[in-house]
Amino acid sequence: MYERLENMIKFDNVTKNYSGGIVALDNINIHIQKGEFVFIVGQSGAGKSTFVKMLLKEEPPTKGEIFIEDTKLSDLHSRRVPQLRRKMGVVFQDFRLLSKKTVYENVAYSMEIIGAKPKEVRKRVPLILSMVGLSNRAKLYPDQLSGGEQQRVSIARAMINNPTLLVADEPTGNLDPETSWEIMRLLKQFNRNGTTIVMATHDQNIVDAMEMRVIELVNGKVVRDQAKGVY
Amino acid sequence: MKYYSINETLKSLFRNRMMSLASISSVVASLLVLGIIMSVILNINSFSEGIKHQFDSIDVYIQEDLTKNEILTLGESIQNINGVHSIIFETKDQALENLKIDFEEYSYLLEGLEYNPFPNTYIINLDDVIYADSIVNQLKNLQGIEEVKYYKDLVNRIIDLTSYVRNIGLVLTLFLAGIATFIINNTIKLTINARRREISIMKYVGATSWYIRWPFILEGTILGLIGALISTGIIYLIYSYSFQLFTSQFYVVFAAYMLNVKTIAKEILALNLIIGTGIGALGSLVSIRKYLNV
Ligand SMILES: Nc1ncnc2c1ncn2[C@@H]1O[C@H](COP(=O)(O)OP(=O)(O)OP(=O)(O)O)[C@@H](O)[C@H]1O
Ligand SMILES: [Mg+2]
């Protein structure tokens, strides 16, 4: 049996310039297949977050084309961007939880915006909270949680709608090593269940231990693209 | 839509209560001016409608020495003038009789008259008051007319006054509505600023612009709605007071045509609700526009 290869992400000669002559991404060509786990590594300012921004269509690239599954992002009307973002889960270094909502409500919100039935919400949210080990924190507010717990909430929120793609920008950046590993175990588990994961990081230990595909950026250029790579 | 229930909206308005209060006050102020002007205009309209039938006729006094035939010819000429709806011929005897009926208790005074002082009269009914001037002018060219009586000044003054009040009112209201929109706009901006981070998070998890936008519009609309209700209430109080004052103490002819409180309140309420919520929704729509491009 052959594993069927399906394109998840394709970068076609993508360049991103910022004003003042900054080249954040320089002619990037990348294919990422469904089900992969990919690290984007590089020093501060190498272009990792810019790469993530391009994926989310937060800003358009200066040159080149980006495809997610069959969608050409430049053809995607700004009104359709919410649909794109519902296909992917996003996790950030600073968690970005809604501070006036409980853990439960934060996760439920992602389901509510896509018009999920209340019954469905009541069923799925406890399920995913138990997957990330936060069942007994459901009623707490984000500022009552540790950093690691907050990040697990944000992962639960990202995964609640079963996205095919999870994009994470330094998800362990604010966490101590022990907590970082909890997060990585979670991501690995979701990846084993079929979710494609793209994670920007400069955490050398994690990248080395995970033995996944590594794409290294230097000054916005891909200098290395290695299966089962190290930092 | 659970997150942004009315409850949430009210909570948010309460958190920014100083600005909410300012918004409501500015809506109330502009709607008050509008309401007062509207009640004046509505009353002037009702008054002029009411007295119109008394003044929209022109009395043409016919010279004493005209023969029956000449009177008939004159009548035909008058009938042919543009804007004349119909004419009635009133003989001098009828005029005297009418007067006796109108002033029954003083009719003994008229008994002693040695001759009838009234002329034969054609009473012209107009299609519309606006024809009055041209008809009066054309009557001057006809032979056999003693005098033309028309209460033109009074009618004209009422028409002038109505449009004058209406124009000033419109300008004032527009001006105040502009200020109210501006203040609401700023209130909503405060709320949005406080929720900027929230809005950007909502966009990241895939909320559509309208999903994010409508609670803010709801906030603005509620501010406008509260303002509309308060100003209608105040107008109601002011108007009932003036109504009593006018009908009990002032010029009775006008008071007889004064619209009652219910009629005014209904008109003003409808107008205030539309304009108030309109100002509110518009103010928030304008303020949220630029924050949505995350
Ligand atoms: N909005 C922007 N305007 C101007 N320059 C920008 C903007 N965003 C990023 N840059 C520049 O683009 C380059 C790449 O930035 P990026 O945030 O992608 O780096 P990074 O790899 O994520 O770094 P870090 O590890 O510190 O997060 C940097 O030189 C940065 O200053
Ligand atoms: Mg970064």
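Numbers restart at 1 for each chain; the letters A, B, ... are given by sequence-line order, proteins then strands.
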Q: Report the distance from atom CD1 of B:Ile201 to atom CZ of A:Phe95, rounding to the nearest 0.5 Å.
A: 12.0 Å
Q) Are A:Glu58 and B:Lys203 ion-paired here, with the side-chain N under 4.0 Å from a carboxylate O? A) no
Q) Is the shortest heavy-atom distance from the side chain of A:Ser99 to the side chain of B:Arg197 under 4.5 Å? A) yes
Q.
Surrounding OH of B:Tyr241 (heavy atoms of other residues, nucleotides or ligands, distance under 6.0 Å), is the total greater than 12?
A. no
**Q.** Non-hydrogen side-chain atoms of A:Ile113 and B:Val205 separated by less than 4.5 Å
**A.** yes
Q) Got a sec: does the CZ of B:Phe182 have more than 12 other heavy atoms crowding it under 6.0 Å? A) no
Q: Locate the shortest heavy-atom distance separating A:Pro82 from B:Ala207; write the atom from each residue and the value.
A: CG-O, 3.8 Å
(Q) Under 3.5 Å, is there a donor on one side chain and an acceptor on the other for A:Glu112 and B:Tyr211? (A) no
Q. If every non-hydrogen atom of A:Leu98 is compared with every non-hydrogen atom of B:Glu198, which pair is closest and at what distance?
A. CD2-CG, 3.4 Å
Q: Answer with side chain, backbone, both or neither: which region of A:Ile114 has an atom nearer than 4.5 Å to a non-hydrogen atom of chain B?
A: neither
(Q) Within this structure, what is the OG-CZ distance for the pair B:Ser209 and A:Arg79, rounded to the nearest 0.5 Å? (A) 9.5 Å
**Q.** More than 12 heavy atoms of other groups within 6.0 Å of A:Asp70 CG
**A.** no
Q: Tell me, please, which residues at least two apart from A:Ser74 pass side-chain hydrogen bond (donor to acceptor under 3.5 Å, both in side chains).
A: A:Glu65
**Q.** Between OG1 on residue B:Thr208 and CD on residue A:Gln83, distance to nearest 0.5 Å
**A.** 8.0 Å
**Q.** Separation between OH of B:Tyr204 and CZ of A:Arg85, rounded to the nearest 0.5 Å
**A.** 6.5 Å
Q) For atom CD of A:Gln43, is the number of surrounding heavy atoms from other residues, nucleotides or ligands below 6.0 Å larger than 12? A) no
Q. Within the distance-only criterion (no hydrogens, no angle test), does the side chain of A:Arg86 pair as donor or acceptor with the backbone N or O of B:Gly206 below 3.5 angstrom?
A. yes
Q) Counting only heavy atoms not in A:Gln144, do more than 12 fall under 6.0 Å of its CD? A) yes
Q) Is chain B contacted by the side chain of A:Arg157, its backbone, both, or neither, given a heavy-atom distance below 4.5 Å? A) side chain
Q | Closest non-hydrogen atom pair between B:Met202 and A:Tyr109, with its separation | A | CG-OH, 3.1 Å
